[in-house]
Amino acid sequence: MRAKSLPPLDYLNSVLEFRDGILFNKITRGSHAVVDKRSSHSHAKGYLQISLKSQSYLEHRIVFYMVHGYCPETVDHINGDKTDNRIENLRAATYSENQCNVPLASNNVSGHKGVTFYKRMNKWRAQIAFNKVVKHLGYFDTKELAAEFVELARDMFHNNFANHGVHRSI
């Protein structure tokens, strides 16, 4: 899915101010967009969004664009917190890189990303996804050994985007 284009930078700088990781309104643009008040509100998927000229935009994309002068394919939240739009927490990424940085799924039962119990063999299976392809890494006697192996593979393939299932602090 291609992200919608952003408003011109000169317009953004005339109506918004970025300070301390938050976008504030420079001018009053309506009853919900009042000068010196936070300009964003919650989005259904947990991100913050902002309305400009009757269009909604994701706040982290606006912030990245205002600071860097361009907006990449994907803006990744390094620490995994969708509401933390401090510039040091945002980085340019491809879709695939962004997918490497997802936290542990809420329905995960092993407690480790990429590790599942395979009943037929009575072993723990390790796998990793990279560039939309799931790679089987092997079967292990213990879940700890499978987790260690998948973490090594994740570090090797995902590099700086490797997320072993936890939110990071930056």
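What you see below is based on every heavy atom in this structure, not just the backbone, and it leaves out hydrogens, waters and symmetry mates.
- Distance alone, capped at 3.5 Å, is enough to place a donor-acceptor pair between the His158 side chain and the Ala129 backbone.
- Residues Gly46 and Thr83 share a closest heavy-atom pair of O-CG2, 3.5 Å.
- Hydrophobic clustering places Val67 together with Leu12 (ILVMFWY residues linked when any side-chain heavy atoms are closer than 4.5 Å, directly or through intermediates).
- Under the 4.5 angstrom side-chain criterion for Ile, Leu, Val, Met, Phe, Trp and Tyr, the cluster partners of Tyr139 are Tyr118, Met121.
- Proximity of a side-chain donor or acceptor of Asn79 to a complementary backbone N or O of Asn89 within less than 3.5 Å is not detected.
- Connection of Phe157 to Tyr95 is not established within any shared hydrophobic cluster, with ILVMFWY side chains joined at heavy-atom distances below 4.5 Å, either directly or through further cluster members.
- Phe161 and Leu152 end up in different hydrophobic clusters when Ile, Leu, Val, Met, Phe, Trp and Tyr side chains are linked at under 4.5 Å.
- Between Ala92 and Phe64, the shortest heavy-atom distance links the atoms N-CE1, 3.7 Å.
- Nearest approach of Arg29 to Leu52, heavy atoms of both residues: NH1-CD2, 3.3 Å.
- Proximity of Asn85 to His77: side-chain heavy atoms (C-beta onward) are separated by under 4.5 Å at one or more points.
- When all heavy atoms are compared, the tightest approach of Tyr57 to Ser5 is CE2-O, 3.5 Å.
- Taking Glu17 as the reference, Arg19 meet the salt bridge (charged side-chain N to carboxylate O under 4.0 Å, His left out) condition, with sequence neighbours excluded.
- Atom CZ of Phe18 sits about 13.5 Å away from atom NZ of Lys26, to the nearest 0.5 Å.
- Asn98 places none of its side-chain heavy atoms less than 4.5 Å from the side chain of Glu73.
- Leu90 approaches Val63 most closely through the heavy-atom pair CD1-CG1, 3.8 Å.
- In terms of modelled atom types and a separation under 3.5 Å, the side chain of Lys143 and the main chain of Val115 share no donor-acceptor contact.
- Side chain of Arg61 to main chain of Leu6: no donor-acceptor pair is present (N/O by atom type, distance under 3.5 Å, no hydrogens or angles).
- Hydrophobic clustering keeps Leu58 apart from Leu16 (ILVMFWY residues linked when any side-chain heavy atoms are closer than 4.5 Å, directly or through intermediates).
- Within the 4.5 Å cutoff, the side chain of His68 has no heavy atoms near those of the Val75 side chain.
- Remark: the His60 side chain and the Asp76 side chain contain no N/O donor-acceptor pair separated by less than 3.5 Å.
- More than 12 non-hydrogen atoms from other residues, nucleotides or ligands lie less than 6.0 angstrom from CZ of Phe24.
- Remark: Phe130 CZ to Cys100 SG distance equals 6.0 Å, nearest 0.5 Å.
- The salt bridge (charged side-chain N to carboxylate O under 4.0 Å, His left out) contacts involving residues 118-132 comprise Lys123-Asp141, where partners must be two or more places apart or lie in separate chains.
- Put simply, the side chain of Asn159 does not reach to within 4.5 Å of the side chain of Glu97, judged on heavy atoms.
- Annotation: the span from Ile128 atom CD1 to His136 atom NE2 amounts to 13.0 Å, rounded to 0.5 Å.
- A continuous path of hydrophobic side-chain contacts links Tyr11 to Ile27 [ILVMFWY only; heavy atoms under 4.5 Å].
- In terms of modelled atom types and a separation under 3.5 Å, the side chain of Asn108 and the main chain of His112 share a donor-acceptor contact.
- Counting all heavy atoms, side chain and backbone alike, Lys113 lies closest to Leu104 at N-CD1, 3.5 Å.
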